[in-house]
Participant: 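Got a structure here, written out as structure tokens. Questions coming.
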Amino acid sequence: MPTNGLVVMTPTSIASTGTGNSSSINADGSVDFASCATLSLNGVFTSSYDNYMVVMRSVASNNAETGNIRLRASGSDNSTASSYTRQYIAANGTSVTANRTSGSDAFIYNSDDTQRSGLILYLFGPYLVQPTAGRTTPVSGFDNAYLLDAAFTHNQSTSYDGFSLYPATGSFSGLLTVFGFNQ
Amino acid sequence: MKNGLILLTPTSVDHTGTSATISANGSVSFTAVTQLRLNGVFSANYDNYIIVQRQLESTTNAEIVYMRLSDGGADNSTASSYVSQTLNAGSTTVAATRNTADIARISISDGDSNDGFILNVYGPYLAQPTAWRSITCVGDAGARIYDYAGTHNQSTSYDGFNITLSGGSISGRVAVYGMRK
């Protein structure tokens, strides 16, 4: 019997904020969310898997909105100053730019208020008591098609069971699913 | 309903370093290795594969992670048969380079943080040239992007691959997944 390579991780709970927000866990383990200023998933990282993939489609309430992540343990985000370092490379028309910043969260994707945006986020070792690494390959609807790849690390040797996503301002709506890479 | 992505179990592994162990489901955990070969992971059942690896480098130097394709435990090291195109972003600098050698470059490891890469490999078991693409998160200076596209021009069927480093050693886990065709 072949061993399934990707396993859907059903959150043990979720939380969201924002005016008129809603969020719910579907029967298949995916999460629907609407008008969320923040969306937090708990209990999606476990000792069963080292590495994870998050797939999300979303639409933001604002144009060209940046999206951020914080890792989370037992229902609390880790916002240690300068603990997240993010490197991006962006392509917009004929322009290619890059930058690296450190802060209390990591900016890992863009979204837009007219076109749908999509995000694939890979997380390496978030449940391990070691620093965590992540990588994204999103598509943003900004200017109809905007490419921003990001790599980030979080230097705290802490075991995390979840994460929060949030736009810098406004809110976002969509659906996301967390998969564990079977090992 | 069929699973689209299948976790594959190597028939064997060999390594240079402290340890490399095949888990019950098929992934390989390794400790302080300078070389790690997975044998018998590519087969006629699948054309294309995803390799997922997280690693922690023993030094804070940014070391190149190399790969050679192998068959029956023997690496192919034909001169100039591997071409690696790199796209690198560090702070505000974006750079690219192409390297032709007897070995491929697929990632960078660095001891500043855990690193990880996703490596898609196209057709390694077919008796045709092989292609691959990696996306990475490198802990160098906090975070750096080193992405690679590569080809190997030998029309040979390979059942595995061998990972080596430009220096230091790595600890972590690697898993190979077949994409059902």
Side-chain angles (χ1 to χ4, degrees), chain A residues 1-8 48-53 82-91 95-103 106-108 120-137 147-157 179-183, chain B residues 2-9 22-29 45-46 49-56 87-96 108 110-118 134-147 171-180:
Chain A
M1 183 69 158
T3 302
N4 187 12
L6 280 176
V7 179
V8 175
S48 297
Y49 310 105
D50 282 8
N51 304 316
Y52 299 85
M53 178 173 71
S82 302
S83 64
Y84 298 85
T85 301
R86 182 268 299 144
Q87 172 72 50
Y88 78 77
I89 181 170
S95 170
V96 178
T97 57
N99 204 355
R100 178 190 293 134
T101 58
S102 294
F107 155 39
I108 58 169
I120 304 286
L121 162 65
Y122 298 101
L123 287 163
F124 302 96
Y127 195 80
L128 303 176
V129 186
Q130 300 175 5
T132 299
R135 176 63 196 263
T136 66
T137 55
L147 189 158
L148 183 142
D149 282 2
F152 78 94
T153 62
H154 173 59
N155 67 10
Q156 303 294 287
S157 292
F179 301 89
F181 281 102
N182 204 348
Q183 61 190 44
Chain B
K2 291 182 178 179
N3 296 328
L5 197 64
I6 308 299
L7 175 59
L8 304 172
T9 302
I22 304 174
S23 77
N25 285 332
S27 68
V28 177
S29 61
N45 292 331
Y46 310 97
Y49 301 83
I50 301 175
I51 299 171
V52 179
Q53 179 166 312
R54 68 162 180 83
Q55 72 220 357
L56 186 62
L87 176 64
N88 159 26
S91 189
T92 58
T93 300
V94 178
I108 298 287
D110 187 278
D112 288 349
S113 176
N114 257 324
D115 309 308
F117 65 80
I118 306 288
S134 66
I135 60 169
T136 70
C137 176
V138 177
D140 180 37
R144 181 182 285 270
I145 291 173
Y146 263 101
D147 288 357
S171 301
R173 183 184 298 275
V174 61
V176 182
Y177 305 86
M179 294 186 195
R180 195 185 289 275

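Lettering follows sequence order; numbering is per chain, from 1. Just so you know, these numbers come straight off a predicted model, no measurement behind them.
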Participant: For D140(B), is it the side chain, the backbone, both, or neither that has a heavy atom closer than 4.5 Å to a heavy atom of chain A?
Facilitator: backbone
Participant: Between D115(B), V52(B), V94(B), I118(B), which residue shows the highest count of heavy-atom pairs closer than 4.5 Å to chain A?
Facilitator: I118(B)
Participant: Which heavy atom of Q87(A) sits nearest to which heavy atom of S91(B), and what is that distance?
Facilitator: OE1-N, 2.6 Å
Participant: Take I135(B) and D149(A) through the test side-chain contact (heavy atoms from CB on, under 4.5 Å) and record every step on the way to the result.
Facilitator: CA-CA 10 Å; I135(B) 60 169; D149(A) 282 2; 5.6 Å; no
Participant: Tell me, side chain or backbone of S102(A) under 4.5 Å from chain B's heavy atoms, or both, or neither?
Facilitator: neither
Participant: Please look at Y84(A) and chain B and tell me whether the side chain, the backbone, both or neither of the residue comes under 4.5 angstrom of a heavy atom of that chain.
Facilitator: neither
Participant: Begin with the C-alpha distance, continue with both residues' side-chain angles, and end with the deciding distance and a verdict on side-chain contact (heavy atoms from CB on, under 4.5 Å) for D147(B) and T136(B).
Facilitator: CA-CA 6 Å; D147(B) 288 357; T136(B) 70; 3.8 Å; yes
Participant: So for N4(A), is it side chain, backbone, both, or neither that comes closer than 4.5 Å to the heavy atoms of chain B?
Facilitator: both
Participant: For Q55(B), is it the side chain, the backbone, both, or neither that has a heavy atom closer than 4.5 Å to a heavy atom of chain A?
Facilitator: neither
Participant: Where do Y146(B) and I108(B) land on the side-chain contact (heavy atoms from CB on, under 4.5 Å) test, with the steps shown first?
Facilitator: CA-CA 7 Å; Y146(B) 263 101; I108(B) 298 287; 3.4 Å; yes
Participant: Quick one: what part of A141(B) sits under 4.5 Å from any heavy atom of chain A, side chain, backbone, both or neither?
Facilitator: both
Participant: Could you tell me which of A143(B), G178(B), S27(B) has the largest number of non-hydrogen atom pairs under 4.5 Å with chain A?
Facilitator: A143(B)
Participant: Of the backbone (N, CA, C, O) and the side chain (C-beta and beyond), which part of L123(A) lies under 4.5 Å from a heavy atom of chain B, both, or neither?
Facilitator: neither
Participant: Check the orientation of F181(A) and Y122(A). Use parallel for under 30°, tilted for 30 to 60°, and perpendicular for over 60°.
Facilitator: parallel
Participant: Among G172(B), G90(B), G26(B), G139(B), which has the most heavy-atom pairs under 4.5 Å with chain A?
Facilitator: G90(B)
Participant: Report which part of L87(B) has an atom under 4.5 Å of a heavy atom belonging to chain A: side chain, backbone, both, or neither.
Facilitator: side chain
Participant: Between T101(A) and R86(A), is any side-chain donor less than 3.5 angstrom from a side-chain acceptor?
Facilitator: yes
Participant: Does any heavy atom of chain B fall under 4.5 Å from the side chain of T136(A), the backbone, both, or neither of them?
Facilitator: neither
Participant: So for A150(A), is it side chain, backbone, both, or neither that comes closer than 4.5 Å to the heavy atoms of chain B?
Facilitator: backbone
Participant: Find out whether R144(B) and D110(B) are in side-chain contact, i.e. whether some heavy atom of one side chain is under 4.5 Å from a heavy atom of the other.
Facilitator: no
Participant: Would you say that D50(A) contacts F124(A) through its side chain, given a criterion of any heavy-atom pair below 4.5 Å between the two side chains?
Facilitator: no
Participant: Tell me, out of S157(A), A106(A), G134(A), who's got the most heavy-atom pairs with chain B below 4.5 Å.
Facilitator: G134(A)
Participant: I'd like to know if the side chain of N3(B) pairs up with that of R180(B) as donor and acceptor (distance under 3.5 Å, no hydrogens or angles considered).
Facilitator: no
